[in-house]
Q: 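Sharing a structure here in structure tokens format.
Keep in mind that what you see is a predicted model, and the values were worked out from it rather than measured. Counting convention: from 1, in listed order, for ligands and their atoms alike. Keep in mind that the numbers below use all heavy atoms, side chains included, and drop hydrogens, waters and symmetry copies.
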Amino acid sequence: MSIKIQFSKYQGAGNDFILIDNRNGHFDRNNEELIKKLCDRRFGIGGDGLMLLQNTKNFDFEMVYYNADGAEGTMCGNGGRCIVAFARDLNIISEKTDFLAVDGPHDAEIAAYQVNLGMIDVNQIHRDREAYVMNTGSPHYILKVNDLANLDVFKEGYAIRNNEIYGEKGINVNFIEPEENGYFVRTFERGVEDETFACGTGATAAAMAMAIDQSLEGDLRIPIRVLGGQLYISFHKSGNTFTNVYLKGPANFVFKGEIEIG
Ligand SMILES: N[C@@H](CCC[C@H](N)C(=O)O)C(=O)O
């Protein structure tokens, strides 16, 4: 028996997602095979991940996020920005929202095609030799490199993501290089198992790592360029504690349709 699923496709700085309005609860949250198939770029719709927008008490909506491998993921920053645009387009919200995700409540503001998304506070930063390791809603490894444009991000990222320290749970691997007016970041994403065009929780972690690296303090706004666009991370830093954290960047509707899965 085949099923028909209505979907919308959004992208945030090139991190692309399938969005499904599941306020009626008809989509089976546990069908990992189906989610993997929908995210497949040859046999499905294609996407770095899939999100369900669901009803929940005390919030405008709940965001349930899956990586392209079909497994439920940890927080997705660009996904969070895209689901806010989706909720606005569904007329669930207007320009401001409070919604629930896997790492807790998030607030966001949308103006035209830019979404400014509140992220969790961070106060635990670890070191793995020269790299910084932290959780900004998802786990991230951040390493400063030279000549990032020519780095083999798949090869280097795959090796770190699968090494004996991170292999079992995996980690998202970010490489960062300073440039005029900010930083350039490229990310190998766990769950996609490939380089993506942007990673919001990764850009947030990379900005925090550089604030520590440069011994910056106070209210900061750090521009992060990624393969698919421009992100801005702002926070208050006091020692290794980051509060009032926001991830800002584009979130755009791409297309919508109906897919029949046999
Ligand atoms: N693309 C995301 C990160 C998604 C989560 C991640 N792949 C994981 O589950 O580890 C972002 O924009 O933050």
Q: Which residue holds the protein heavy atom closest to atom 9 (O) of ligand 1, what is that atom called, and what is the gap in Å?
A: N67 ND2, 2.9 Å

Q: List every atom of ligand 1 that sits less than 4.0 Å from any heavy atom of G77, numbering the atoms from 1 in the order shown and giving each element.
A: 11 (C), 12 (O), 13 (O)

Q: For ligand 1, which atoms have a heavy atom of N78 less than 4.0 angstrom away?
A: 11 (C), 12 (O)

Q: Using a 4.0 Å cutoff against the non-hydrogen atoms of T201, which atoms of ligand 1 qualify?
A: 3 (C), 11 (C), 12 (O), 13 (O)

Q: Can you tell me the protein heavy atom closest to atom 12 (O) of ligand 1 and the distance?
A: G200 N, 2.6 Å

Q: Heavy-atom contacts under 4.0 Å between E189 and ligand 1: side chain, backbone, both, or neither?
A: side chain

Q: Does the structure place the NZ or CZ of R225 under 6.0 Å from the centre of the six-membered ring of F184, at an angle of no more than 45° from the ring's axis?
A: yes

Q: Can you confirm whether the side chains of T204 and T136 place a donor and an acceptor under 3.5 Å from each other?
A: no

Q: Nearest protein heavy-atom contact for atom 2 (C) of ligand 1: which residue, which atom, what distance?
A: C76 SG, 3.0 Å

Q: Which is it for S138 and ligand 1 at heavy atoms under 4.0 Å: side chain, backbone, both or neither?
A: side chain

Q: If we ignore hydrogens and angles and just use 3.5 Å, is the side chain of E33 paired with the main-chain N or O of N31 as donor and acceptor?
A: no

Q: Give a yes/no verdict on whether any heavy atom in C199 is under 4.0 Å from an atom of ligand 1.
A: yes

Q: Out of L247, T136, N15, D48, indicate the one that has the non-hydrogen atom closest to atom 1 (N) of ligand 1.
A: N15

Q: Under 6.0 Å from the six-membered ring centre of F61 and within 45° of its axis: does the NZ or CZ of R23 meet both?
A: no

Q: Looking only at heavy atoms, is any part of N172 under 4.0 Å from ligand 1, and if so is it the side chain, the backbone, or both, or is it neither?
A: side chain

Q: Which residue holds the protein heavy atom closest to atom 7 (N) of ligand 1, what is that atom called, and what is the gap in Å?
A: R190 O, 2.8 Å

Q: Kindly determine whether K9 and D16 satisfy salt bridge (Lys or Arg N to Asp or Glu O under 4.0 Å), including the steps that lead there.
A: CA-CA 7 Å; K9 183 87 189 285; D16 64 333; 3.0 Å; yes

Q: Do D28 and L34 have side-chain heavy atoms sitting under 4.5 Å apart?
A: no

Q: Between R88 and D60, does any side-chain N to carboxylate O distance fall below 4.0 Å?
A: no

Q: Should the pair K144-D213 be classified as a salt bridge under the 4.0 Å nitrogen-to-oxygen rule?
A: yes

Q: Going by the atom numbers of ligand 1, which of them fall below 4.0 Å from some non-hydrogen atom of T74?
A: 8 (C), 9 (O), 10 (O)

Q: I'd like to know if E189 and R161 make a salt bridge, using a cut-off of under 4.0 Å between side-chain N and carboxylate O.
A: no

